[in-house]
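One structure below.
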Amino acid sequence: MPHAARPTVTLHDVAAAAGVSVATASRVLGGSARKVAPEFQARVLAAAAALRYTVDASARAMRRASDSIALVADDLTTPSMGLVVAAMEREARTAGAFVTVSSTMGDPERQAETVRVLRSLRPRALVLTSNRLLAAADEDRLVKELLAYEREGGRVAVVGETDLTFDTIAFDNVGAARAMGAFVGRAGHRRVAIFVGAGDRRNMSDRTAGFVAGLRAEGVRASDIELVSCRADRDGGFAAARELAEAGMDGRQAVLASNDAIAIGAMSAFRAASLNVPGDVSVTGIDDLPLASDVTPRLTTVALPLARAGAEAIRFAVGERGPARRLVLAGRLIVRDSLRPRP
């Protein structure tokens, strides 16, 4: 009578029997260079022996070859994201890994599908950056894919605002914009325009709220604050400023742009309209891109630690697993030449 085939024992079975994570079992049985505590190593080896677990050589080779950290980003064309990615790549090299990059333009379905595909490629960790608020109620499929990836032994870190229970690095966008709004108000500007980037982006809406709060705290009336919607890039700032200039400025003395790219575009449009910055109108930004100190006049802005955010995301992704961590990075006001106090 033929013998019944023995059920296949998986890495998940070994991990469960040893009382450790799948990632720990994988490191022990896959020959990883990453250290595992002797106690856990002994438990994994004992469980594997008891269950007669056999390592699949081809699967082990695939795991070793995939020492990548997958970055899933909204938009890779923005200057600020370039700084984040460069810092990620530098930090990943120190951990013996490399970064692969995918762009989703912030579309929830594309994000979820990208994570699904990446799961099959078994990256060492996954970093998701998004300027939308990532919430479980709105991102059901994406959340399921991320949780499944973690159950399979992966690590997830999020750069952006989220109420999800993953390691998170966020910027204090409200605080950064509030500081700028208050500075502009203290400089005597009483009729201002805020160039607002895309309304469906959490960082843009937070910065708008911060600008208004800072201005109002310094006595600027709500009726004297004009919100101007525009694309969150140089061309968007140029178009918004050109329209404002053609309308005669309506007494506006300052433009607070939601990022440096918008601000730089606005200054170019004002110059084309024969308006002097800051003589006729002051302009400010947020981010402190390298170009901000090279344009004429040099841009007054709030420096956000973009490179640190990229490096911290990698450290979270490759560090020891534990309770979800949240790091909020503050900005720093940089006063240059594009703002002039008003009497």
Could you tell me whether the side chain of [X] and the main chain of [Y] form a donor-acceptor pair under 3.5 Å?
| X | Y | value |
| --- | --- | --- |
| Asp206 | Asn173 | no |
| Ser120 | Leu118 | no |
| Thr284 | Thr300 | no |
| Arg216 | Val220 | yes |
| His189 | Arg340 | yes |
| Asp260 | Leu289 | yes |
| Thr104 | Ala73 | yes |
| Asp287 | Ser80 | no |
| Ser103 | Asp74 | yes |
| Arg207 | Ser258 | yes |

Do [X] and [Y] share a hydrophobic cluster, counting only Ile, Leu, Val, Met, Phe, Trp and Tyr and linking them when any side-chain heavy atoms are less than 4.5 Å apart?
| X | Y | value |
| --- | --- | --- |
| Val283 | Leu291 | yes |
| Leu299 | Leu244 | yes |
| Leu227 | Met180 | yes |
| Val196 | Val302 | yes |
| Val84 | Val318 | yes |

Going by an N to O cut-off under 4.0 Å, is there a salt bridge joining [X] and [Y]?
| X | Y | value |
| --- | --- | --- |
| Arg326 | Glu161 | yes |
| Arg43 | Glu39 | yes |
| Arg141 | Glu109 | yes |
| Arg190 | Asp224 | no |

Residue pair [X] / [Y], side-chain heavy-atom distance below 4.5 Å:
| X | Y | answer |
| --- | --- | --- |
| Ile262 | Asp233 | no |
| Met81 | Asp75 | no |
| Arg151 | Val22 | no |
| Arg252 | Val192 | no |
| Phe238 | Cys230 | no |
| Val255 | Val281 | yes |
| Met267 | Leu275 | no |
| Ile225 | Ile194 | yes |

For the residue pair [Y] / [X], report whether a side-chain donor-acceptor contact shorter than 3.5 Å exists.
| X | Y | value |
| --- | --- | --- |
| Thr208 | Ser205 | no |
| Thr301 | Asp288 | no |
| Asp13 | Thr10 | yes |
| Arg202 | Ser130 | no |

Phe166/Leu146 under side-chain contact (heavy atoms from CB on, under 4.5 Å): CA gap, chis, key distance, verdict: CA-CA 9 Å; Phe166 301 111; Leu146 292 171; 3.6 Å; yes
Practice item. Mind running side-chain contact (heavy atoms from CB on, under 4.5 Å) on Leu142 and Leu128 for me, showing each step along the way? Key: CA-CA 11 Å; Leu142 174 61; Leu128 179 72; 4.1 Å; yes
(request) Answer yes or no for Arg325 and Phe316: cation-pi contact, defined as NZ/CZ to six-membered ring centre under 6.0 Å and angle to ring axis within 45°. (result)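 Yes - Arg325 lies over the ring of Phe316, closer than 6.0 Å to its centre and within 45° of its axis.
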How close do [X] and [Y] get, counting heavy atoms only, and between which atoms?
| X | Y | result |
| --- | --- | --- |
| Ala241 | Phe195 | N-CE2, 3.6 Å |
| Ala17 | Ala47 | CB-CB, 3.9 Å |
| Gly310 | Met88 | O-CG, 3.4 Å |

_Test side-chain contact (heavy atoms from CB on, under 4.5 Å) applied to Val85 and Leu71, step by step_ = CA-CA 8 Å; Val85 173; Leu71 169 62; 3.5 Å; yes
**Report entry** side-chain contact (heavy atoms from CB on, under 4.5 Å) between Leu51 and Val14, intermediate numbers included
**Finding:** CA-CA 7 Å; Leu51 294 173; Val14 175; 4.2 Å; yes
Knowing that exactly one of Arg116, Arg110, Gln111 qualifies, which makes a side-chain hydrogen bond (donor to acceptor under 3.5 Å, both in side chains) with Glu113?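 Single pass found, and it is Arg116.
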